[in-house]
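What follows is one structure encoded as structure tokens, with my remarks underneath.
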Amino acid sequence: MLNVMYAAFKLVLPYDVQHIYGGQSARYSYLLIAMAVGGILGGLRLTLAKRLPRHQQNYGDLGLLAGMLLLAGAFPNYWMLLGSSVVIGFCYTCFDIRALTITQELTDPAYLGRMFGLLFLAMDAFQPLGSFIFGFVTDELGNATLLLVGSCFLIGLVGIYQGYQRLARRSR
């Protein structure tokens, strides 16, 4: 789900620059730089963390990511989109690193290669799907695509969290 929504976000950026912000290619470059800076900051955050990662921390990061998508969709302003790009890059990186670290801790070393191979395949397989679907959606909705993506993301996140809570209660 995350990679589908991330692909959608990355599709909206050039659309917005072209249709809302005057088509200046430098503005698109700044958005990509902002995402990269956010990613570097997210990596530093986790590197400097003193405690082991827990999957519950991902809910906060993903909730913030969804909120930034909603803000960027609700307020079509370049500075809002630039700030959102930093935060989205930060949250995406934190989630990704934490998820991979947790997977590594839970997997028997004999199966790490196979597990990561399947994990990367599953993660990478959905980005083209998101690009295909949201390529058409962005043509119709424009910047409002971010509202759709943020809303879907938030609904999916709440559904996953509630499902996980039910499973946790049953296992006790």
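Index from 1, following the sequence.
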(message) Using every non-hydrogen atom in the two residues, find where Gly43 and Thr93 come nearest and quote the distance to one decimal.
(response) N-CG2, 3.8 Å
Output a table of donor-acceptor pairs, distance under 3.5 Å, between side-chain atoms of residues 95-107 and any protein atom two or more places apart or on a different chain; print 'none' if there are none.
from	atom 1	to	atom 2	distance (Å)
Arg98	NE	Gln57	OE1	3.3
Arg98	NH1	Asn58	OD1	2.5
Arg98	NH1	Asp61	OD2	2.7
Arg98	NH2	Asp61	OD2	3.1
Thr101	OG1	Ile97	O	2.8
Thr103	OG1	Ala99	O	2.8
Thr107	OG1	Thr103	O	2.7

(request) With rounding to the nearest 0.5 Å, note down the distance linking OH in Tyr15 to CG in Asn143. (result) 9.0 Å
(request) Give, for atom CG of Leu71 and atom CG of Asn77, the distance between the pair rounded to the nearest 0.5 Å. (result) 11.5 Å
(message) If you compare all heavy atoms of Val137 against all heavy atoms of Thr145, which two are closest, and at what distance to 0.1 Å?
(response) O-OG1, 3.8 Å
(request) Report the C-alpha distance between Ser84 and Leu69 in whole Å, list the side-chain angles of each, state the deciding distance to 0.1 Å, and finish with yes or no for side-chain contact (heavy atoms from CB on, under 4.5 Å). (result) CA-CA 7 Å; Ser84 295; Leu69 288 168; over 6 Å; no
(request) Output yes when a side-chain donor or acceptor of Thr138 lies under 3.5 Å from a complementary backbone atom of Phe134, and no otherwise. (result) yes
(message) Tell me whether Tyr28 shares a hydrophobic cluster with Leu11, the cluster being built from Ile, Leu, Val, Met, Phe, Trp, Tyr side chains joined at under 4.5 Å.
(response) yes
(message) Would you compute the distance between atom OG of Ser171 and atom CZ of Arg169 and round it to the nearest 0.5 angstrom?
(response) 10.5 Å
(message) Using 0.5 Å steps for rounding, measure from the CG atom of Leu70 to the CZ atom of Phe75.
(response) 10.5 Å
(request) May I ask you to check whether over 12 heavy atoms, not counting those of Tyr59, lie within 6.0 Å of atom OH? (result) yes
(request) Mind checking the CG-CE spacing from Leu157 to Met5? Nearest 0.5 Å is all I need. (result) 11.0 Å
(request) Measure the acute angle between the ring planes of Tyr78 and Tyr21, then classify it against the limits of 30° and 60° as parallel, tilted or perpendicular. (result) perpendicular
(message) Could you check whether atom OH of Tyr30 has more than 12 heavy atoms from other residues, nucleotides or ligands sitting under 6.0 Å from it?
(response) no
(message) Is there a path of hydrophobic side-chain contacts, each under 4.5 Å between heavy atoms of I/L/V/M/F/W/Y residues, joining Val17 to Tyr6?
(response) yes
(message) Looking at every non-hydrogen atom in both residues, tell me the closest pair between Ala8 and Val149 and how far apart they are.
(response) CB-CG2, 3.5 Å
(request) List the atom of Met35, the atom of Leu13, and the distance in Å for their closest heavy-atom pair. (result) SD-CD1, 3.6 Å
(message) Using a 6.0 Å cut-off, check whether atom CE of Met80 has over 12 heavy atoms from anything other than its own residue.
(response) yes
(message) Is there a path of hydrophobic side-chain contacts, each under 4.5 Å between heavy atoms of I/L/V/M/F/W/Y residues, joining Leu48 to Leu46?
(response) no
(message) Can you confirm whether Leu82 sits close enough to Leu31 that some side-chain heavy atom of one is under 4.5 Å from a side-chain heavy atom of the other?
(response) yes
(request) Give the minimum heavy-atom separation between Ala66 and Leu154, together with the two atoms involved. (result) CB-CD1, 3.8 Å
(request) Could you tell me whether Phe132 atom CZ has more than 12 heavy atoms of other residues or ligands within 6.0 Å of it? (result) no
(request) Please check if Leu141 and Leu146 belong to a single hydrophobic cluster, counting links between Ile, Leu, Val, Met, Phe, Trp and Tyr side chain heavy atoms closer than 4.5 Å. (result) yes
(message) Return the CD1 to CZ distance between Ile40 and Phe90, rounded to the nearest 0.5 Å.
(response) 12.5 Å
(message) Assigning hydrophobic clusters by single linkage (Ile, Leu, Val, Met, Phe, Trp, Tyr; side-chain heavy-atom cutoff under 4.5 Å), is Val158 placed with Met68?
(response) no
(message) Looking at every non-hydrogen atom in both residues, tell me the closest pair between Cys91 and Leu64 and how far apart they are.
(response) SG-CD2, 3.7 Å
(message) The criterion is ring pair (Phe, Tyr, Trp, His ring centres under 6.0 Å); which residues satisfy it with Phe9, sequence neighbours excluded?
(response) none
(request) Taking the side chain as every heavy atom from C-beta outward, state whether Tyr161 and Gln165 have any atom pair closer than 4.5 Å. (result) yes
